[in-house]
Trainee: 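Sharing a structure, written as structure tokens. Questions coming.
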Amino acid sequence: MAGIYIHIPFCKKACYYCNFHFSTTLHHKLSLCEAISKELILRKDELSGQIIESIYFGGGTPSILLPEELSIILDTLKNHFDLSFVREFTLEANPDDITEAYLEYLKGSPINRLSLGIQSFLAQDLAWMNRAHDVSQAKNALSLVKKHGFNSISLDLMYGLPNLSHEDWIANIATALSYSPEHISAYCLTIEPKTAMANAIEKGKMPPIEEEIAEVQFKILREMLLKAGYIHYEISNFAKPEKLALHNTNYWRGENYLGVGPAAHSFNGNQRSWNIANNPQYLKSIQHNELPLTTEVLTESNKFNEYIMTSLRTVWGINLDILEKRFGSNRKNKLLHEAENLIKEGKLLLVEDKLRIAENALFYADGIASDLFQLG
Ligand code: SF4
């Protein structure tokens, strides 16, 4: 199974916490869509013989594209790839881009899942994040996508924000649940270096993030969403039964994907590659039929550590049989030896042939996974 990821590197405003690749200079949108289409054609053989199950437009802000711009890429996909097995076709959309006319266009396209960048239903949160939308646009977008019959909607929320009280967080989750989305991704705010937020904290203009508060908010989130019938299938992701995100799940399971557009990453089982994170240089390179790619061949320990990290973040955990088949009994035995103390401390659970993070340690999954990494 394989997926295609398409990175649309434009946003109306720069959110203060964001370190994704995007530009707020929008006049190259059309030529960038043409370049992405060309890259898809240049690289289509990388997926030859593989079944494409999912396509994901991420960013940046894919919904910033006009229908005629998005159609250039959609037509290229239709004309050059076998899409007959695609079950999930996602577009990330920001609330301020959602209009009746845009949804009517999307309804006539192959896109069958919308991931809405809501982040918060609180005006003060959206203001200090520097989001392009306000609370009424967030609520209106959710009502409109429901009205237009989209039955696979994901929404993003953020917690652990400075000044976010537990009461406000509970109210935020309750508002999200009132729209009954099929999927919720909730991310703990992390301060990425060189962002406006990192700078503000450094200068004392904003309080630092408190991990204990974020952990309580993670527990509140989990409790409320489990009670509402969602499956907590990955640390940051919750879904109604049958609505787990296919694209993300395949990524965590180590399936292949082709990533196109500036800064997009690709993975083919043995190597990881990524495009240059610079729009003008990406355009120039593709116009000259050159792929602006950097490639890294993964070592066995790279692959093993990635498997540990992604598996431990999921509800399925590490499958020791699969791990042994892929990496051999030496690595498996060493892993079990390293895991012994973590099991005794109640941070890991070993149930039959699966190693999973214990419920009370879920918030620290990444740190626990890195304790199990193997060198060489
Ligand atoms: S809209 Fe998304 S990609 Fe764009 S700046 Fe905000 S968080 Fe980053």
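The chain is numbered in sequence order, starting from 1. Just follow the structure's listing: the first ligand is 1, and inside any ligand the first atom is 1.
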Trainee: Does NZ or CZ of K303 fall inside the cone over F327's six-membered ring, less than 6.0 Å from its centre and within 45° of the axis?
Mentor: no
Trainee: Does any non-hydrogen side-chain atom of Q119 lie less than 4.5 Å from one of Y17?
Mentor: yes
Trainee: For ligand 1, what are the residues with a heavy-atom contact below 4.0 Å?
Mentor: C11, K13, C15, Y17, C18, F20, F22, G60, T61, N94, R131
Trainee: So, Q50 and N256: side-chain donor and acceptor under 3.5 Å apart, yes or no?
Mentor: yes
Trainee: Could you tell me whether E352 atom CD has more than 12 heavy atoms of other residues or ligands within 6.0 Å of it?
Mentor: no
Trainee: Relative to the ring of Y5, is the ring of Y56 parallel (under 30°), tilted (30 to 60°) or perpendicular (over 60°)?
Mentor: parallel
Trainee: To the nearest 0.5 Å, what is the distance between CD1 on I36 and CD on E69?
Mentor: 10.5 Å
